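No experiment lies behind these values; they were computed from the predicted model shown. Each chain gets a letter, A, B and so on, in the order its sequence line appears, and its residues count up from 1.
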Amino acid sequence: MIDIRLLRSDPDAVRAGIARRGEDTASLDRVVELDARQRGLAEERDQVRGEVNAISREVGGLHRDGRAEEAAGLQEESRALGEREEALAAEADGLAAEITEILLRVPNIPSPDCPDGTSEADNVITRYEQWDEDAYGEHQRVPHWEIGEQLGLLDVERGTKLSGAMFVMYTGMGATLCRALIQYGLDRNADAYREMRPPTLVKTATMVSTGHLPKFEDDAYHLERDDLWAIPTAEVPLTSFCRDEVLDEADLPMKLMAHTSCFRREAGSAGRDTRGLLRVHEFDKVELLAYATEEQAPEVHADILARAEGAITDLGLSYRVLDLCAGDLGGSSARTFDLEVYAPGVDQWLEVSSVSWFSDYQARRANVRYRPAEGRGTQVVNTLNGSGLAVPRVWAAVVETHRQPDGTIAVPEVLQRYMRGAMHIG
RNA sequence: GGAAGGUUGCCAGAGCGGACGAAUGGGGCGGCCUCGAAAGCCGUUGUGGCCUCCGGGUCACCGUGGGUUCAAAUCCCACACCUUCCGCCA
């Protein structure tokens, strides 16, 4: 949630920021107007409450002094004030609820460093790593679903039989590779990130905290009977780990990681990338997340990006880094770098990590604060996160990139220890 | 799923209609004492909203949401969560 005080004191700046996303800013004007009315009413309500409190104290005194009969008039007066207070409170609460409802749908203000642009096409490709267009042989130009079928690593048909389209069944060494990637992703970050294992079903409030609700309701699986949501990423439970808490500055940055299943309805993507592992409803991912002060945030952002890159590099994959433009930024993010890995078999760049800085947007929703070492009061923390390793697309890139002329797959060295020492698949 | 008990400040724990933002103890912080420390003593110690002539003022918060009352931590109702026991179970 954006800071309503900033909207109040500098509405033009907020409008300009939101406009960079190509979003309509009319709702901001509406909030400014409602906020002014709400505060007026709340102030009046508090004043009336104060009068009621004063009278009650007086009545209390009269009762103690055994002059209860003298209190009747005051009680009558207070009752009338009470009715007025109730009316004011109802109106003020109604406006406050309306403001919150709008504000929960207003995205974050992009960082000034975030490039201009209105769509995916305007994202800035910052750099290519380990990539040589001409370095790929014919044996690498086979899509992973074909390789998976040849070597018995994927069973697309049976996955569909069980759960429908865009659900996957990994088989044999395919499943082992899946697990190896997860363990690899966790182990290489365990030096600085505390491993967590959160629940994958969460309450509505948990989804609201990260910004996945209310605006993106259609993207998530919802278990109606129990009113629980299947998490689209471990970002969701990890961001709420400290919800409604006040941390010590000494605890920051607090770095966490978790492997979880992730569930996405992919509502807007029907018919796109339906083959293989490019887009699936359920997948495994190792997520890195941190709570930090605003001052620490840039360094932590760089750390997560470097770690996400390191995992890809050591798997021997090619990738590129994109600096997302304002128009393509996720709603909660202020700045995002996307990592896209090159999969030669499908000849596509696959997004495998979004490394984002959310400023205090999520933390304000989640109400996560910290007590500064110096000075009084509390401050809202900053949150950052990114995928340390997202299994299906990395799995696909590994299989396609490391396919040998004889049709087998060379297991990257860093994974061998997690695959019972196997150096080849097939 | 059934039964009983519980939820108060950083922690423990009192309060069960009025002077309660809340006793008392512990912890933290500051000070005294000391060569230094312990002990002891004194003081201090929540969060948020709004207003502010920046001195402060005011309102809210005792699990959550309603209700009763001039007045609710305290009474009533509903819900959530926790603990224990029974049942079921990986």
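- Between A/His222 and A/Trp229, the ring planes lie parallel to each other; the angle is under 30°, not in the 30° to 60° tilted range.
- Here B/G55 is in the syn range [glycosidic angle within 90° of 0].
- A/Arg49 has no side-chain polar atom (N or O) that falls below the 4.0 Å cut-off from OP1 or OP2 of B/U58.
- OP1 or OP2 of B/G49 sits under 4.0 Å from a side-chain N or O of A/Arg5.
- At whole-Å resolution of the value, CG in A/Leu81 and P in B/U69 are 16 Å apart.
- Within 4.0 Å of A/Ser56, counting heavy atoms only, lies at least one base atom of the nucleic acid.
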> When Watson-Crick pairs (N1 to N3 and N6-O4 or O6-N4) and G-U wobble pairs (N1-O2 and O6-N3) count only below 3.5 Å on both distances, what is the dot-bracket string of RNA chain B, with | for other-strand pairs?
Replying inline: ((((((((.[[[..)..(.....]]]((((((.......))))))((((((....)))))).[[[[[..)....]]]]])))))))....

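- Remark: nothing in residues 243-253 of chain A comes within less than 4.0 Å of RNA chain B through any heavy atom.
- Of the residues in residues 29-38 of chain A, not one comes within less than 4.0 Å of RNA chain B through any heavy atom.
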Return all side-chain donor-acceptor pairs below 3.5 angstrom for residues 231-242 of chain A, not counting sequence neighbours, or 'none' if the list is empty.
{"unit_1": "A/Thr233", "atom_1": "OG1", "unit_2": "A/Glu235", "atom_2": "N", "d": "2.9"}
{"unit_1": "A/Thr233", "atom_1": "OG1", "unit_2": "A/Lys285", "atom_2": "NZ", "d": "2.9"}
{"unit_1": "A/Glu235", "atom_1": "OE1", "unit_2": "A/Asn385", "atom_2": "ND2", "d": "3.4"}
{"unit_1": "A/Glu235", "atom_1": "OE2", "unit_2": "A/Gln362", "atom_2": "NE2", "d": "2.8"}
{"unit_1": "A/Thr239", "atom_1": "OG1", "unit_2": "A/Glu235", "atom_2": "O", "d": "2.6"}
{"unit_1": "A/Ser240", "atom_1": "OG", "unit_2": "A/Arg243", "atom_2": "NH1", "d": "2.9"}

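- Taking every heavy atom of residues 364-373 of chain A and every atom of RNA chain B, pairs under 4.0 Å involve A/Arg369, A/Arg371, by number.
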Which side-chain N or O atoms in residues 415-426 of chain A pair as donor and acceptor under 3.5 Å with protein atoms at least two apart or in another chain?
{"unit_1": "A/Gln416", "atom_1": "NE2", "unit_2": "A/Val411", "atom_2": "O", "d": "3.0"}
{"unit_1": "A/Tyr418", "atom_1": "OH", "unit_2": "A/Asp187", "atom_2": "OD2", "d": "2.7"}

